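Shown next, in structure tokens, is the structure this report addresses.
Remember, it's 1-based here, ligands and their atoms both numbered in the order they're listed. We number each residue from 1, following the sequence as shown. What you see is a predicted model, and the numbers here were worked out from it, not measured in a lab.
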Amino acid sequence: MADTPTGIVHLTGAVVHGAGRGRGLGFPTANVTADPGSRIPPPAIYSGWVVRLASGVVHRGTISIGSNPTFCDTTEVHVEVYCHDTADEFYGERVGLWFVARIRDTVKFASPDDLVCAARRDVLWSEALLASGRGRRILTGALAAYRKTVSV
Ligand SMILES: Cc1cc2nc3c(=O)[nH]c(=O)nc-3n(C[C@H](O)[C@H](O)[C@H](O)COP(=O)(O)O)c2cc1C
């Protein structure tokens, strides 16, 4: 990722309830409260892997970090992930987010429809990034870290 030339960025946290807007947009997101001390990447849209720490199940994701300026006038930063490959809701679970690449800046769109169009493009691009060599390497790192966690 351009912002982090030194290596892989990941954070862990718990999935909590968001504003409940995402499902209506067609992009339901898991809202993640990052663990204290986590280094949260700068606001932007990212491609990344989502590891459900209790089960080790991994999902392909597109991550939004930002204040949702299309809908909100606050500066509170939300960490949210849309999982491409499941409709599961995993409230209360702990997850690890493994960032693969930055896709674009967060935008204050003129309408929710404009956001949805952009999000569709983000997810397509995110799929390509996850399937890339870098994406696969980061997945391997995430799985290795998970194996280390469960073997101690
Ligand atoms: C792929 C993707 C791209 C997003 N891009 C933006 C964006 O550029 N601007 C923005 O205001 N919100 C963006 N969001 C965040 C949405 O505003 C947020 O997910 C939505 O408001 C639902 O929030 P909720 O989970 O709290 O209900 C994006 C979300 C996703 C999943």
Side-chain angles (χ1 to χ4, degrees), residues 1-4 8-139 141-143 146:
M1 149 180 347
D3 300 313
T4 56
I8 298 174
V9 174
H10 88 285
L11 64 81
T12 52
V15 176
V16 297
H17 287 274
R21 205 183 294 117
R23 191 160 295 282
L25 296 171
F27 289 94
T29 53
N31 286 252
V32 178
T33 300
D35 291 338
S38 302
R39 195 172 76 72
I40 299 176
I45 311 303
Y46 297 89
S47 173
W49 299 103
V50 186
V51 183
R52 295 166 74 172
L53 298 182
S55 60
V57 171
V58 180
H59 297 293
R60 304 190 305 276
T62 304
I63 302 160
S64 165
I65 297 183
S67 60
N68 299 348
T70 305
F71 302 99
C72 309
D73 280 331
T74 65
T75 53
E76 189 190 349
V77 170
H78 303 262
V79 178
E80 302 180 26
V81 56
Y82 168 68
C83 292
H84 307 176
D85 51 5
T86 181
D88 284 2
E89 290 181 351
F90 25 104
Y91 296 122
E93 284 189 38
R94 288 180 49 70
V95 294
L97 302 182
W98 291 74
F99 291 80
V100 170
R102 184 181 179 289
I103 295 177
R104 64 170 170 87
D105 288 342
T106 305
V107 172
K108 181 177 170 66
F109 288 103
S111 72
D113 284 350
D114 290 350
L115 188 154
V116 168
C117 287
R120 287 198 187 111
R121 286 194 298 272
D122 297 335
V123 171
L124 285 176
W125 184 223
S126 182
E127 281 285 311
L129 291 163
L130 293 167
S132 70
R134 177 178 167 80
R136 306 306 299 180
R137 275 195 300 281
I138 290 175
L139 175 61
L143 294 174
Y146 175 71

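Between the side chain of W49 and the main chain of G135, a donor-acceptor pair closer than 3.5 Å is present. Checked by atom type and distance alone, the side chain of S132 pairs as donor or acceptor with a backbone atom of L129 at under 3.5 Å. Here the side chain of S38 pairs no donor or acceptor atom with the backbone of I40 at under 3.5 angstrom.
The nearest heavy-atom contact from the protein to atom 4 (C) of ligand 1 is I45 CD1, 3.6 Å. For atom 9 (N) of ligand 1, the nearest non-hydrogen atom of the protein is V107 O, 2.7 Å. Regarding atom 19 (O) of ligand 1, its nearest protein heavy-atom neighbour is E80 OE1, 2.5 Å. Summary of contacts: the protein heavy atom closest to atom 24 (P) of ligand 1 is A19 N, 3.6 Å. The single protein non-hydrogen atom nearest to atom 3 (C) of ligand 1 is D122 OD2, 3.5 Å, given as residue, atom name and distance.
Checking T70, V16, T29, V123 against atom 10 (C) of ligand 1, the nearest heavy atom belongs to T70. Across the listed options T62, L115, N31, T62 owns the non-hydrogen atom lying nearest to atom 1 (C) of ligand 1.
Per-residue contacts place G22 under 4.0 angstrom from the following atoms of ligand 1 (heavy atoms of the residue considered): 22 (C), 27 (O). Near F71, the atoms of ligand 1 lying under 4.0 angstrom from a non-hydrogen atom of the residue are 17 (O), 21 (O). Counting the atoms of ligand 1 from 1 in the order shown, those under 4.0 Å from a heavy atom of G18 are 26 (O). The distance from ligand 1 to the heavy atoms of Y82 drops below 4.0 Å at these ligand atoms: 31 (C).
Residue contact check for ligand 1: R104 places a non-hydrogen atom closer than 4.0 Å to it. Taking a 4.0 Å cut-off on heavy atoms, A118 fails to register as neighbouring ligand 1.
Two rings, from F99 and H10, have their centers 6.0 Å or more apart. For H59 and F90, the gap between ring centers is short of 6.0 Å.
Contacts of N68 with ligand 1, taken as heavy-atom pairs under 4.0 Å, involve both backbone and side chain. Within the 4.0 Å heavy-atom criterion, the part of S64 lying near ligand 1 is the side chain and not the backbone. Contacts with ligand 1 closer than 4.0 Å are made by heavy atoms of both the backbone and the side chain of R21.
Using a cut-off of 4.0 Å between Lys/Arg side-chain N and Asp/Glu carboxylate O, E80 and R21 are scored as not salt-bridged.
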Original post:
Hey, mind stepping through V123 and F27 against side chain to side chain contact (heavy atoms under 4.5 Å, CB included) and telling me if it holds?
Top reply: CA-CA 10 Å; V123 171; F27 289 94; 3.8 Å; yes
**OP:** Evaluate the criterion side-chain hydrogen bond (donor to acceptor under 3.5 Å, both in side chains) for residue pair D122 and T62; output intermediate values, then yes/no.
**Re:** CA-CA 7 Å; D122 297 335; T62 304; over 6 Å; no
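Between H84 atom NE2 and S126 atom OG the span is 4.0 Å, to the nearest 0.5 Å.
Geometrically, ligand 1 and F27 share no nitrogen or oxygen pair separated by less than 3.5 Å. Considering backbone and side-chain N/O atoms, G20 comes within less than 3.5 Å of an N/O atom of ligand 1.
By the 30° and 60° cut-offs, the orientation of the rings of Y91 relative to H17 is parallel.
Residues V81 and T29 form no side-chain contact, since every pair of their non-hydrogen atoms from C-beta on lies 4.5 Å or further apart.
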